[in-house]
There are 2 protein chains.
Amino acid sequence: MPSNLDAQSIAPHPDHDHQACIDSALAAARELCRDKQQKLTKTREKVLQLIWGSHRPIGAYSLMDALAEGEQKRVAPPTVYRALDFLLELGLIHRINSLNAYIGCQDPSHEHHCYFLICTSCNLAVETDPGPFQAAVSQLKQQSGFAIRQQNMEFNGLCPHCRELSE
Amino acid sequence: MPSNLDAQSIAPHPDHDHQACIDSALAAARELCRDKQQKLTKTREKVLQLIWGSHRPIGAYSLMDALAEGEQKRVAPPTVYRALDFLLELGLIHRINSLNAYIGCQDPSHEHHCYFLICTSCNLAVETDPGPFQAAVSQLKQQSGFAIRQQNMEFNGLCPHCRELSE
DNA sequence: TTTATCGTGTTACAATATAACACATCGATG
DNA sequence: CATCGATGTGTTATATTGTAACACGATAAA
Ligand SMILES: [Zn+2]
Ligand SMILES: [Zn+2]
Ligand SMILES: [Zn+2]
Ligand SMILES: [Zn+2]
């Protein structure tokens, strides 16, 4: 996990140095692509950078709008979706199913399950450690007889910042 | 939870008496609507019944197709979505975000979080007990500072039946 | 140079969901 | 009984999210 997050919480502080998040995410992406012999093309890198524009999930069509900024032509949906598919495949981003939106992965260096806390007020999405849940998952495998391959958790509520504001 | 499920697993056995599932689901729905002073209209009841047609999530447009069977006219999307909204609101059904589809709630008598195991082969979706996960959730609340209001888990894998078939 | 592979451009379309407004039903109230 | 308000439905149009199919271009291996 990146180290420039609030020490008291896994949620990024509103005042944190977010450029550092972007830089380290892009650096990690380049490294991962080198390792896996995949090409981080201009389009893919731009999409990843835009996704890392915030810690909030962003939709495919918003990404198209963002890509269009300062350009002559808009890209068509397939262009964005191909980039998203590539980034998803490599684990550089996650899809938030409840929002039809995409967010950067905090730690793409190894595959992992998709566990998120999502603020219903400001849309902040924080990736969390699946570890503490694995005992319950094991039990569930036993009881259900399912061969669980993918875990996806999306919890909603108020982030620390929005809690303060709502008091 | 209904009692006509396989004793060895929380997954419904392929040969179980499914009509009993439908009947008890509809009975529970009528009771809940009476308690909450809500009207289970013809459309709403029909939609609920169709959703309970299987233990697989079904999409809104498939429901529209099913509603059209043997009828002169097709209903328009808003009709189905209104019924779905009503049923979701009352907790009679759940939405499976990863599939854009809807499935009957196993136990609508009290509010609870949405925890599902979903078979990637046959689409069987089994609702599971959030209980074993709550210790980890508490810890997560502490560490994240989030006020968690809603929990949604969707785990994918092979159901017991499909595991056997794939061996 | 040829060929194969990969990434992109472009057009059209599919699938899911909602907005807005008209109408009908029905029970409460006068 | 007559009227009113609340709720549910019908209807049309449209928004939002995502894909299929095929053509083109760059790159790199043979
Ligand atoms: Zn940041
Ligand atoms: Zn927030
Ligand atoms: Zn059944
Ligand atoms: Zn199965």
Side-chain angles (χ1 to χ4, degrees), chain A residues 29-30 32-34 36-51 56-68 71-90 92-103 118 123 125 152 154, chain B residues 29-30 32-34 36-51 56-68 71-90 92-103 123 125 154:
Chain A
R30 290 188 196 103
L32 190 69
C33 286
R34 192 171 349 101
K36 297 207 177 178
Q37 313 212 34
Q38 297 292 319
K39 290 174 198 158
L40 190 63
T41 63
K42 216 56 196 161
T43 307
R44 292 167 177 173
E45 182 169 334
K46 186 67 184 165
V47 168
L48 181 60
Q49 186 180 321
L50 287 169
I51 288 174
R56 296 172 172 78
I58 181 172
Y61 281 73
S62 299
L63 281 169
M64 286 178 53
D65 294 343
L67 280 170
E71 302 291 328
Q72 324 290 346
K73 302 191 59 175
R74 294 182 64 82
V75 301
T79 298
V80 167
Y81 280 102
R82 285 167 185 151
L84 290 172
D85 288 344
F86 174 86
L87 297 170
L88 284 168
E89 188 71 27
L90 255 74
L92 289 166
I93 61 173
H94 294 288
R95 182 175 200 275
I96 304 295
N97 288 323
S98 58
L99 299 174
N100 296 333
Y102 307 84
I103 191 165
I118 304 160
N123 262 89
N152 188 289
E154 294 173 23
Chain B
R30 290 190 195 101
L32 190 70
C33 286
R34 191 171 350 101
K36 296 208 175 176
Q37 313 212 36
Q38 298 292 319
K39 291 173 198 159
L40 191 63
T41 63
K42 218 54 196 162
T43 308
R44 292 166 177 174
E45 182 170 335
K46 185 67 185 164
V47 167
L48 181 61
Q49 187 179 320
L50 287 170
I51 288 175
R56 296 173 173 77
I58 182 172
Y61 281 73
S62 299
L63 282 170
M64 286 177 54
D65 294 343
L67 281 170
E71 301 291 328
Q72 324 289 347
K73 303 190 58 175
R74 294 182 63 82
V75 301
T79 298
V80 167
Y81 280 103
R82 283 166 185 152
L84 290 172
D85 287 345
F86 174 87
L87 297 170
L88 284 168
E89 189 70 26
L90 254 75
L92 289 166
I93 62 174
H94 295 287
R95 182 174 201 274
I96 305 294
N97 288 323
S98 58
L99 298 175
N100 296 333
Y102 307 84
I103 191 165
N123 261 82
E154 296 175 22

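Just so you know, these numbers use all the heavy atoms, side chains as well, and skip hydrogens, waters and symmetry mates. Letters go in sequence order (proteins before strands), and every chain restarts at 1.
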Engineer: Given side chains that start at C-beta, do those of A/Asn123 and A/Leu99 come closer than 4.5 Å, heavy atoms only?
Structural biologist: yes
Engineer: Is the shortest side-chain heavy-atom distance between B/Ser98 and A/Asn152 below 4.5 Å?
Structural biologist: no
Engineer: Between A/Asn100 (CG) and C/dT16 (C1'), how many Å, whole number?
Structural biologist: 9 Å
Engineer: In whole angstrom, what separates A/Asp85's CG from C/dC6's P?
Structural biologist: 16 Å
Engineer: Check whether any side-chain heavy atom of A/Leu40 sits under 4.5 Å from a side-chain heavy atom of A/Leu32, and report yes or no.
Structural biologist: no
Engineer: Rounded to whole Å, how long is the line connecting atom OH of A/Tyr81 with atom C1' of C/dT8?
Structural biologist: 17 Å
Engineer: For side chain to side chain contact (heavy atoms under 4.5 Å, CB included), just list the numbers for A/Glu154 and B/Glu154, CA-CA rounded to whole Å, side-chain angles, deciding distance to a tenth of an Å, and then say yes or no.
Structural biologist: CA-CA 9 Å; A/Glu154 294 173 23; B/Glu154 296 175 22; over 6 Å; no
Engineer: Indicate the atoms forming the closest heavy-atom contact of B/Ile51 with B/Tyr102, along with that distance.
Structural biologist: CG2-O, 4.0 Å
Engineer: Rounded to whole angstrom units, what separation is found between the CD1 atom of B/Ile58 and the P atom of C/dT16?
Structural biologist: 11 Å
Engineer: Round to a whole Å and report the spacing from OH of B/Tyr61 to P of C/dA15.
Structural biologist: 10 Å
Engineer: Can you give one letter per nucleotide of nucleotides 6-14 of chain D, 5' to 3': B if a protein heavy atom sits under 4.0 Å from the base, S if only from the sugar-phosphate, - if neither?
Structural biologist: --SBBBB--
Engineer: CG of A/Leu63 versus P of D/dT16: gap in Å, rounded?
Structural biologist: 15 Å
Engineer: Nearest whole Å is fine: how far is C/dT8 P from A/Glu71 CD?
Structural biologist: 14 Å
Engineer: Nearest whole angstrom, please: distance from the P of C/dG9 to the CD of A/Gln72.
Structural biologist: 14 Å
Engineer: Using distance only, find each side-chain donor-acceptor pair of residues 58-67 of chain A under 3.5 Å and give its atom names and separation, not counting sequence neighbours.
Structural biologist:
unit_1  : atom_1 : unit_2  : atom_2 : d
A/Asp65 : OD1    : A/Arg74 : NH1    : 3.4
A/Asp65 : OD1    : A/Arg74 : NH2    : 2.8

